[in-house]
Amino acid sequence: MIPLAIAAGLYLLATVLYLSSLLRVQGQALLPAYRCLELAFLAHAVALAFWIGELGPERLAHLWSVLPVAAWLTVAAYLIIEARFRLQLLGALVVPLVTISLVVSLVAAAGRPPVPPRVEGAVLGIHVLGALLGLGTFCLAAGLSALYLLQERQLKRKNFGAIYRRLPDLHTLDQVSFRLITVGFPIFTLAVVLGAVRAHQGGFGSMGRAYLLALIAWLLFGLVLQGRRTAGWRGRKAALLVLGGFVASTLVLLHRLVW
Amino acid sequence: MPPFLVASLSHHATPVALREKIAFSAEELSEALTRLARLPGIAEALILSTCNRVELWAVLGRGEMRRRGEEAVRQLLLARSGLSGEELAPYLNLRRGVEAVQHIFRVTCSLDSMVLGEPQILGQVKDAAALAVAAGTTGTLLGRCLERAFKVAKRVRTDTRLGASAVSISSAAVELAGKVFGDLQQRCVMLIGAGEMAELAARSLKRAGCLRIWVANRSVERAELLAAEFGGKGLPLAELEDYLWEADIVISSTGSPTTVLGPGEVERALRRRKRRPVLVVDIAVPRDVDIEVGKLDNVFLYDIDDLGRVVEANRAERAQEAAVAEQIVRAELESFLSWQSSLEVVPLIVSLRNSFQTVQEEEVQRTLRRLGHLPDKDRQAVEALGRAIVNKLLHAPVTELKRAGAQGAEGLDLALATRRLFGLSQDAPPPLQQGSELPSELPADHQPAEEGS
């Protein structure tokens, strides 16, 4: 747990660096934050090895125990996107969420009773991992959509200030967000289906509300994909849908964590 | 003080009527350069001749030659302009020493340009430098100075946003297009009206990689004429709607007193293009495009004032970035000056002497410690022996350095060689010490940089 706490601390530092250098226009202003994030990412990788070793495989089916794995994969995806599209500002949105998810895991791990007697099996593991990976890609997509909305607002309102200069172009934001959802959606679908099967068998206990939220999220993201193909929903409308889907899927996660 | 001279007639003080008279054509340039470098008192030279400036950059000789070099440069410019000395004086800006080097750095990184941060000047200086190298008119000092100037320009480009943003109306349109579409490759442009401004904007967009350019105009002939220039297609205004949906960027500049493009047409076009975003730039006065168009989703409408505000914001940003760039210039200037003063002969002789004396004193003291039985008189004799050897050894090189130092270029090479042979640092010449024997017969400008500048 201590290595993961260290990684979380580094993420926190990166968050602070990101937020504090957000609106400085100079070319290299975000570099310290980015370097710190890279460091946190490496620490996170090491921490995962300890984390999995400490908990043992049977606990990995639990939401809070898989969360750090999904968070790490999300950061990995962000680093790839960053290298490819130079979307530094996305880090300012993603890194805080990653930090929070690690803290949640640590708190949950500290407060958990020992392993429940019944081992839930592989289906549960796949369900949880799939849901979290889907959530990770949605998180990145939602971050991009938020940046899209912000930049679109600057362009519509003709504010040619620091935000306008700093943010990337609309096309890139829109495209990358859309591609992430194309990747995340099938994974999330699998998780939802497995969840439905288990819920039907009564394996997950009562999960009516969470299930409804998951369905809403699934529908919203499905709408983004299908609406773009047929009706050409893109830009602002699509970005709003993505944000809505992300909020719904995050609520599912919160619901499951609290419950 | 570095022996640089910059004589400039630039957009700051010289009207274009005079600049064009003095400007060197490409054919004249290399011959003029060779002639300039042969003038008495001029050791190295470069000519920078652009539409905004004519400048002669030179490294002058030593002492009396320095004055003669400056006079030769002035005479050359007088002859070229056909003006008298008094008439030329208000236009001609002569910079010497540190100021001259600073000017070279500032010009190269576009801090002295009419449009701050414009990118062409670096290429022009590079061309001028290449020509001077080919003509053999650059040497150690000017060569190193140019090298540094290019380094400054590179640092300014990477470390500041000077020159990163658009400062003309047509480039503002391109910048906005970039903010909406990112890469402009494969984008399609529709010009409505074949006005001059639209043409300028279209030219910039074409350069930025736009694929097709269509021109819709009341007179088809005029439309086709302009479209042909971009390898595009001209069409009558009546057919606009058939093509509008394919255009990512619409630039309107008709002389029509009423609107040409309303929300209805644009909405229909949007539907046909599956809501892919459209940038509409309306540079006509009175405006061509109904402002309701700008309220549609995925349509970005800008008029001439908006473009003006992009330019204004960018100008302000450039001015801020210029302050950062000036800092870079200052830092590089200092580093260049300290390198240059390491080539000065006087501080070199001082450090050479210091280094020999240190060895002499150490060795003499070590020997004397072992010869503790010697009477004082003999000890003094041993010390005198050490000093005599060092002085004898130093006599020939110091005399030669002093002689070569007065010659300019030869002195530089010798100074470099001496520093290398005796392991004397290149960067920081030691301060002059009280009581050390100074070659007082050297010309006055051979004082170290700290005092000279």
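Chain letters run A, B, ... following the sequence lines, proteins first, then strands; residues in each count from 1. All heavy atoms count here, side chains included; hydrogens, waters and symmetry mates do not. The structure displayed is predicted, hence computed values, not measured ones.
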Please report the closest heavy-atom contact between A/Arg229 and B/Lys274, naming both atoms and the distance.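 Nearest pair, atom of A/Arg229 first, then B/Lys274: O-NZ, 2.8 Å.
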For residues A/Arg165 and B/Ala313, report the shortest heavy-atom separation together with the two atoms involved.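 Answer, listing the atom of A/Arg165 first, then B/Ala313: NH1-O, 3.9 Å.
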N/O donor-acceptor pair under 3.5 Å between [X] side chain and [Y] backbone:
X        : Y        : value
A/Asp169 : B/Gly182 : yes
B/Lys179 : A/Leu155 : no
B/Arg275 : A/Gly235 : no
A/Lys156 : B/Val299 : yes

Given side chains that start at C-beta, do those of [X] and [Y] come closer than 4.5 Å, heavy atoms only?
X        : Y        : answer
B/Asp183 : A/His171 : no
B/Phe300 : A/Glu152 : yes
B/Glu175 : A/Tyr164 : yes

Answer yes or no: does atom CD of A/Gln226 have more than 12 heavy-atom neighbours from other residues, nucleotides or ligands under 6.0 Å?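 Counting other residues, nucleotides and ligands, CD of A/Gln226 exceeds 12 neighbours.
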Would one find more than 12 heavy atoms of other residues, nucleotides or ligands at under 6.0 Å from atom CZ of B/Arg318?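 For B/Arg318, atom CZ is crowded (more than 12 foreign heavy atoms under 6.0 Å).
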Chain B contact via A/Leu173 - side chain, backbone, both or neither, heavy atoms under 4.5 Å: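 Looking at A/Leu173, nothing touches chain B.
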B/Leu307 versus chain A, heavy atoms under 4.5 Å apart: side chain, backbone, both or neither?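 Neither part, no heavy atoms under 4.5 Å.
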Part of B/Arg276 within contact of chain A (heavy atom distance under 4.5 Å):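 Contact with chain A: backbone and side chain both.
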Between chain A and each of B/Leu301, B/Leu270, B/Asn314, B/Val310, count heavy-atom pairs under 4.5 Å; write down the option with the most.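 The option with the most such pairs is B/Val310.
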What is the distance from atom NZ of A/Lys237 to atom CG of B/Asp297, rounded to the nearest 0.5 Å?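 The CG atom of B/Asp297 is 6.5 Å from NZ of A/Lys237, to the nearest 0.5 Å.
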